[in-house]
Amino acid sequence: MRFTTLLGILAGASALWFTPAQAADEIVVGFATAASGFMQAYDKPAQDAALIRIDEINKAGGLLGKKIKPVFADTKTDQAEGAKAGLAVLDQGADLVIVSCDYDFGAPAALQAQAAGKVSFFLCAESIKAGIPGVGPFSFSASVLAPVQGATMSEWAYTKKNARSFYRLLDSWTVYNKGICDGFDWMLPRLKEAKLVGSDTFKNDDASIASQITRIKSLPKEPDAIMLCTMMPGAVSAIKQIRAAGIKSMILNGSGVDGSYWLNAVPDLSNFYVPVQGSVYGDDPNPKVNEFNKKYKEVTGGDPSSQYVYPGYVLIDVWAKAVERAKSTDAAPVVAELEKMKDESTLFGPRTFTKDIHHQNQGRYLIVDTEAGKPKVVDQWTISEKIPLDYLVSK
């Protein structure tokens, strides 16, 4: 009886020791992301892009001569479940933990990775907190900060479209929205002849922004540009109401409204501009991005819905480069290699990380112009100077 029991224990221990997550010829990447709830719409496209890059690396011989194995845990768009999901992928041997696209929903899993001494990457979070300030020194995001979007659009509109009068309209719902306007606020005083002619707020779920529109229309002259700091779903209603009121000002927004999936709700929308890391419209100036879009459709069955697909691909790309250079998946040497990256070339623009900031406070953006309901790339822009870290953190 004892012999049989001992055999059973040994068999169990053997099975545990040789679990696939711990196989010597594999490197485990854990996705603690939303497979359900509203965050799935943001997480899944970027996760699919990350898996495409993993597949490419595996087909090219792997990483450090090993295959990358993805493992998954559903955060269910719940912060408490996010922490559990982080622990779940760590228990499966994850050397890299990839977390949700939003800081608030991704941080619980990222904090578990930090506590375990593992690197984490947010899929596409654009708050400065999604990194050192909000998680710790092993945490990164491959996307570009929301303030860079607001700064990019205001400087581009001033320089290329001769905009001089600006109206600031902030949707106070999320940190992301506030970040766009923070970048606008930082850039505007640097534009010599630019003038803020008004400022207002609303909430994403407001059924009407009639009072805000009245204040815009009561100005002596229609502003050259409205800096609209908002995101879906409320962005559609706000844009529709602005145009229905007869306001023809250029509308500038952040990347959160990229994509053509909503444009039928605002027929013939024109004079509307957003910054994107890559174009989902088949007109990216880099032909390799257009090739990626085709590959994404082949793999997933659908076109990329917005530019938020792309940071998932980038994060695997830069992490894998750091692992190769460090010749290790251990967090400390990998982080050291990531922090050496300056204008590191990626398919969707250069990436820079330093010991002080694990996010992009300057980046090349394509400018997408929507005219008569049809979006297309019309320009590209990189802000003239980086947004200072102390400014970003103070916000």
Side-chain angles (χ1 to χ4, degrees), residues 41-42 46 101-104 122-130 141-158 161 163 166-188 199-204 225-239 242 249-263 266 269 271-280 305-311 348-349 359-370 375 377-383 387 392 395:
Y42 295 92
C101 205
D102 176 77
Y103 168 72
D104 291 325
F122 287 79
L123 276 170
C124 56
E126 294 170 342
S127 164
I128 189 64
K129 293 181 180 179
S141 176
S143 197
V144 183
L145 287 164
V148 179
Q149 298 168 27
T152 296
M153 296 314 297
S154 51
E155 188 177 43
W156 175 81
Y158 178 88
K161 302 294 284 185
F166 292 80
Y167 197 95
R168 178 187 189 272
L169 186 54
L170 168 65
D171 167 7
S172 59
W173 182 39
T174 65
V175 171
Y176 167 76
N177 295 341
K178 184 176 181 296
I180 299 170
C181 271
D182 287 342
F184 168 79
D185 295 342
W186 177 81
M187 179 57 77
L188 200 67
S199 184
D200 222 325
T201 63
F202 68 104
K203 291 185 179 180
N204 196 267
I226 296 171
M227 185 70 246
L228 181 60
C229 308
T230 189
M231 63 185 293
M232 297 302 172
V236 177
S237 175
I239 294 164
I242 290 169
S249 302
M250 179 189 327
I251 299 177
L252 313 173
N253 212 318
S255 305
V257 293
D258 180 39
S260 59
Y261 59 92
W262 60 273
L263 290 175
V266 191
L269 176 64
N271 209 17
F272 180 78
Y273 301 87
V274 298
V276 298
Q277 296 173 44
S279 173
V280 300
S305 56
S306 80
Q307 67 108 49
Y308 284 104
V309 166
Y310 304 136
F348 303 101
H359 228 309
Q360 308 305 301
N361 59 344
Q362 186 180 43
R364 185 276 293 155
Y365 269 114
L366 302 177
I367 308 299
V368 170
D369 172 19
T370 297
V377 174
V378 294
D379 207 349
Q380 56 182 291
W381 194 258
T382 300
I383 52 175
I387 302 177
L392 293 167
K395 296 299 177 181

Checklist line | Name of the residue among I239, D200, N271, I242 meeting side-chain contact (heavy atoms from CB on, under 4.5 Å) with I226 | finding: I242
Next item on the list: Please test V309 against V280 for side-chain contact (heavy atoms from CB on, under 4.5 Å), starting from the C-alpha separation and ending with a verdict.
Entry: CA-CA 9 Å; V309 166; V280 300; 5.9 Å; no
Note to self: Rounded at 0.5 Å granularity, tell me how far OG in S154 sits from CH2 in W186.
What the structure shows: 9.0 Å
Notebook entry, point to check: Looking at Y42 and C101, what are the two nearest heavy atoms and their distance?
Noted result: CB-CB, 4.0 Å
Note to self: As an exercise, state the distance from OG of S260 to CG of L269, rounded to the nearest 0.5 Å.
What the structure shows: 12.0 Å
Next item on the list: Can you see which heavy atom on A125 is nearest to which on S141, and at what distance?
Entry: O-OG, 2.8 Å
Notebook entry, point to check: Do W173 and T230 have side-chain heavy atoms sitting under 4.5 Å apart?
Noted result: no
Check: Rounded to the nearest 0.5 Å, what separation is found between the OH atom of Y273 and the CG atom of N253?
Finding: 14.0 Å
Next item on the list: Evaluate the side chain to side chain donor-acceptor pair (under 3.5 Å) criterion for residues Q307 and Y365: first the C-alpha distance (whole Å), next the side-chain angles of each, then the deciding distance (0.1 Å), finally the verdict.
Entry: CA-CA 11 Å; Q307 67 108 49; Y365 269 114; 5.2 Å; no
Checklist line | Interatomic spacing from CE in M250 to CG in D369 - rounded to 0.5 Å | finding: 9.0 Å
Margin query: I want to check something: taking the side chain as every heavy atom from C-beta on, are V257 and M232 in contact at a cut-off of under 4.5 Å?
Written below: yes
Checklist line | side chain to side chain contact (heavy atoms under 4.5 Å, CB included) partners of D379, counting only residues at least two apart | finding: W156, K160, I367
Check: Side-chain contact, heavy-atom cut-off 4.5 Å: M227 with I180?
Finding: yes
Notebook entry, point to check: Does the side chain of E126 come under 3.5 Å of the side chain of Y308 through a donor N or O and an acceptor N or O?
Noted result: yes
Notebook entry, point to check: Tell me, do R364 and W381 make a side-chain contact under 4.5 Å, heavy atoms counted?
Noted result: no
Margin query: Between S255 and D258, do the side chains contain a donor N or O and an acceptor N or O under 3.5 Å apart?
Written below: no
Next item on the list: Indicate yes or no: at least one non-hydrogen side-chain atom of L188 is less than 4.5 angstrom from one of F166.
Entry: yes
Note to self: Are L228 and F202 packed together at the side-chain level, in the sense that at least one heavy-atom pair is separated by less than 4.5 angstrom?
What the structure shows: yes
Checklist line | From NZ (K178) to OG (S172), nearest 0.5 Å | finding: 11.0 Å
Check: Hey, does F184 have a side-chain heavy atom less than 4.5 Å from the side chain of L252?
Finding: no
Next item on the list: Nearest 0.5 Å please: distance from the SG atom of C229 over to the CG atom of D182.
Entry: 8.5 Å
Margin query: On a heavy-atom basis, which atom in S279 and which in L366 lie closest, and how many Å separate them?
Written below: N-CD1, 4.0 Å
Next item on the list: State, with a plain yes or no, whether a side-chain heavy atom of L145 is found less than 4.5 Å away from one of I387.
Entry: no
Notebook entry, point to check: Which atoms form the tightest heavy-atom contact between Y103 and S127, and what is the distance?
Noted result: CB-CB, 4.2 Å
Next item on the list: Heavy atoms only: give me the nearest Q149-G254 pair and the separation to one decimal.
Entry: OE1-CA, 3.5 Å
Check: So which heavy atom on H359 is nearest to which on I128, and how close?
Finding: CD2-CA, 4.3 Å
Check: Is there a donor-acceptor pair closer than 3.5 Å between any side-chain N or O of Q362 and the backbone N or O of T382?
Finding: no
Next item on the list: List the steps and the verdict of side-chain contact (heavy atoms from CB on, under 4.5 Å) for V148 and Q360.
Entry: CA-CA 8 Å; V148 179; Q360 308 305 301; 5.9 Å; no
Next item on the list: Ignoring hydrogens and angles, tell me if any N or O in the side chain of N204 forms a donor-acceptor pair with the backbone of M231 under 3.5 Å.
Entry: yes
Item checked: ring-ring contact (aromatic ring centres under 6.0 Å, His included) partners of F272, counting only residues at least two apart -> W262
